[in-house]
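Taking it in order: structure first as structure tokens, then the write-up.
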Amino acid sequence: MSKYRKKESSSEDSDSEEERRKKDIKERDEFANRLKAKDESKIRKLAMPAGSGAAEAAKRLKIMETDMREKLVPKLRVESRRKYLEKRKEDKVAELEADIIDDEYLFEEEILTDRERTERAHKKQLLQLAKEHEKARELERLQRYYMPLEKGKLAPELEVHDNEPPQSEQSKWESDQMSSAVFRFGAKDRKAQQDYDLLLEDEVEFVQALRMPGSEKNRKREDSPPPQVKALQTIQEMKKSLPIYPFRNDLIQAIKDHQVLIIEGETGSGKTTQIPQYLYEAGFAENNKIIGCTQPRRVASMAVAARVAHEMAVKLGNEVGYAIRFEDCTSHRTRIKYMTDGTLHREFLSEPDLASYSVMIIDEAHERTLHTDILFGLVKDITRFRTDLNLLISPATLDATKFSEFFDDAPIFRIPGRRFPVDIYYTKAPEADYIDACVVSILQIHATQPSGDILVFLTGLLINTFIITSQDEIETCQEMLQERVRRLGSKLRELLILPIYANLPSDMQAKIFQPTPPGARKVRKIDYFSFVKYVAFVVYLVYICSSCHEYSGNVINDRQYSMESLMVVPISKASANQRAGRAGRVAPGKCFRLYTAWAYQHELEDNTVPEIQRINLGNAVLTLKALGINDLVHFDFLDPPPHETLVLALEQLYALGALNHRGELTKLGRRMAEFPLDPMMAKMLLASEQYRCSEEVATIAAMLSVNGAIFYRPKDKIIHADTARKNFHIPGGDHLTLLNVYNQWRQSDFSTHWCYENFIQHRSMKRARDVREQLVGLMQRVEMELVSGITETMNIRKAITAGYFYHVARLSKGGHYKTAKHNQTVSIHPNSSLFQELPRWILYHELVFTTKEFMRQVTEIESKWLLEVAPHYYKPKELEDSTNKKMPKVAGRSRPDGTN
DNA sequence: GAGCACTGC
């Protein structure tokens, strides 16, 4: 971290520097004390009768529902995503190959460090894998296919048409095959198989590899759908029917006996809703203590709280409440409090010992979000001195042992879920076009397997272990499936195709829970399935840091700078098995994996890489420092983040002035920690005060926080949308354009209609408004002056630069941009207002890697401002505008030891 | 000239 320090400082200077440091630390502590006093008086004020929390919540839910519907804008994309990924894969392989050749040409083996040698080996291995995969795909085109079938059982539709010519052939052929262990579906003889040609264009051959044992081995397979929960069932009856109910007393006893308990149980066992109630009934909420329970997602926190309030027949916000960002639905009466893990993480800042809680439940611990991972370390620490605080860690099955070891061998309490055995099948050869393979497999299953619904997982965006499948892909798959079913006509019984994704309106989602009509089969995505099938690839949000040369989420980190990137990486074995488990909830099931057993063994990681090991830790490090945790290297992490990521975060915080050269939090850093923003953005906001534009910068920060989802661009009105967007452009760049959009919206009195007319997404704007309100509140809290009204934009841009001087690029002689510090070639995103302007110096909000390294949200700056806002980071020489400066031969390639 | 999607504070 010392590399930015002024080396020329004399002893005299260092004395005054030392004094400055002491003064700053003193100020920081005074500031922290003032905040504490504010919080305490706020808590006293809160101890008043509760407001209309429940009504508010109901309203909120309603709004969310409407939002969902509004967001569902039917988009037909001509270009399929597959093609894009295919193309990108080819590019990446070529790039990798070139890289290796380049690398070997430039550096002899002997002069390499161990690390570089490992890296080179990694690259070669990756290239090898990519090539093998390509070969396997060739091979796959020559394969024939099998499909497993239960012995003695034919799908009804195949028996019904026994007398019709094509089917009789089919049927005869089928009975011939019945004696063999593997059911062969399809044949080469196209004439005889005419009607099934549609199915047989490509089949997928599966082999059974293993059986996942279940807890209810002796029960027979049930062909009927699960008994539906009767509407008339009382709450009490329902509570008693939950798998957790018989363990109630044992569980309470175990919690009384052990301060920390790991509760292993699947979602659906009732643990999330019931345990807090059991604890409440057992007196854990006496003496005004709160039973807390964290959830990784907002909707879950709200929904679970509403459910529990209903079960306990109390008003939401009274005895049972929830707290999420922008919304605190609790009162002084609240005894059971649900919250997001991020909210609890923030609560630590004002209550580091969790004094108001008697129990804290960290639910869905296996999801391993950044927040839960940090919470593990924090709560483990406080249980040492708060012996009256009970801690319950609740992961799904499989992970419990790891958590137990982390929490000093805490006992594990298992709540058995209902689980039947699941047979797992793999393809014989890798699949090239997995959407096609998926469609074919669904039809194969439909034609050959007895009753039961089919659950399909497609590639999606993986956020922690929560998969959001891409809408585009689902639609493609659905269209293909419908088309094929249509062509097959009445030969197959009905197949209901029910897509589900985040943007789907809630009434459509409700369909999935309705019982399947007799004789039909559903293809859907939620519990109660007999067949589970999915592909091996999910998309990950991976943080690529400058000095990290290791695998992180199966992506090689070889970039010279920090960048978030979406990558397709294989699913982990753990997630794969969790998905397979879904097939055995109500009856024995089957799981078809669209990859080979070899791939499962050799290409999949055992566990999903936790977020903390993949992403930028700037904000996390800042909050930990604010909690007084100085030694982050030895912080008790369940899985420590890569050392390099931690060092990068510390360096960045030092450069921003949040930490001093000893790594202590400065007063600026303490104020930055108050904001739920990335450190750079927090710095920008705090710097805006001295540039007299804090109102404007708060707006910009809020607008930047709603990730690029401001401008609406429907396919059929692209020209109108683009014209509308250009009307908002302001000389200077995208940050100012965003400010302009917000201000105009405000002038329209936050009108929905205005948004519609101007091709602006109303939903995003509302969110920006929420964020802005929260930021303004926090600005007042950290004693910032709210000022606005400057007439020219220089001050605003200077304030932005004060936070984002890390993200600066200059126009090179060749007409493209290079980052100021790392000399990495980057391009302005085509959506930017500066796309055709090409100013000499620019600052960008973020870098995204899609087909190229693109800078999104770009603003023009002057190089001399960099010396003004970050004199410790930039030297005048670096900012000379002559671009003739000779670059090192291997530009931008830095050694792991820091030398160039 | 790209695009694809999104948790949390």
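In this text the structure is predicted, and so the values were computed from the model without any measurement. A note on names: the letters A, B, ... follow the listed sequences, proteins ahead of strands, and every chain is numbered from 1.
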Listed partners of A:Thr340 passing side chain to side chain donor-acceptor pair (under 3.5 Å), at least two apart: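 Testing A:Thr340 for side chain to side chain donor-acceptor pair (under 3.5 Å), a comparison that skips the adjacent residues, returns A:Thr343.
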
Sugar-phosphate only, base, or nothing, as touched by A:Phe835 at under 4.0 Å among non-hydrogen atoms: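 Here A:Phe835 touches the backbone only, sparing every base.
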
Touch class at under 4.0 angstrom, heavy-atom based, for A:Asn619 against every strand present: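 Result for A:Asn619 = nothing.
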
Partner set under ring pair (Phe, Tyr, Trp, His ring centres under 6.0 Å) for A:Phe348, not counting sequence neighbours: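 A:Phe348 satisfies ring pair (Phe, Tyr, Trp, His ring centres under 6.0 Å) with no residue once adjacent residues are dropped.
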
Spatial distance of atom CD (A:Glu846) from atom CZ (A:Arg856) [nearest 0.5 Å]: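 If we round to the nearest 0.5 Å, A:Glu846:CD and A:Arg856:CZ are 4.5 Å apart.
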
Using whole Å, report how far [atom1] of [X] lies from [atom2] of [N].
X	N	atom1	atom2	value
A:Asn616	B:dC9	CG	P	18 Å
A:Tyr338	B:dG8	OH	P	18 Å
A:Gln295	B:dC9	CD	P	12 Å
A:Leu349	B:dG8	CG	P	19 Å

OP1 or OP2 of B:dC9 under 4.0 Å from side-chain N/O of A:Thr343: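 Yes, within the criterion.
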
Side-chain N,O (A:Arg298) to OP1/OP2 (B:dC9) below 4.0 Å: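 It does, given that an N or O in the side chain of A:Arg298 lies less than 4.0 Å from OP1 or OP2 of B:dC9.
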
Any donor-acceptor N or O pair under 3.5 Å, side chains A:Tyr357, A:Glu347: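 Side chains of A:Tyr357 and A:Glu347: pair found under 3.5 Å.
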
Per A:His829 side chain, nearest of listed nucleotides B:dG3, B:dC9, B:dT7: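 For the A:His829 side chain, the nearest candidate turns out to be B:dG3.
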
Which nucleotide in B:dC9, B:dA2, B:dA5 has an atom nearest any side-chain atom of A:Thr340: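 Selected nucleotide (nearest to the side chain): B:dC9.
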
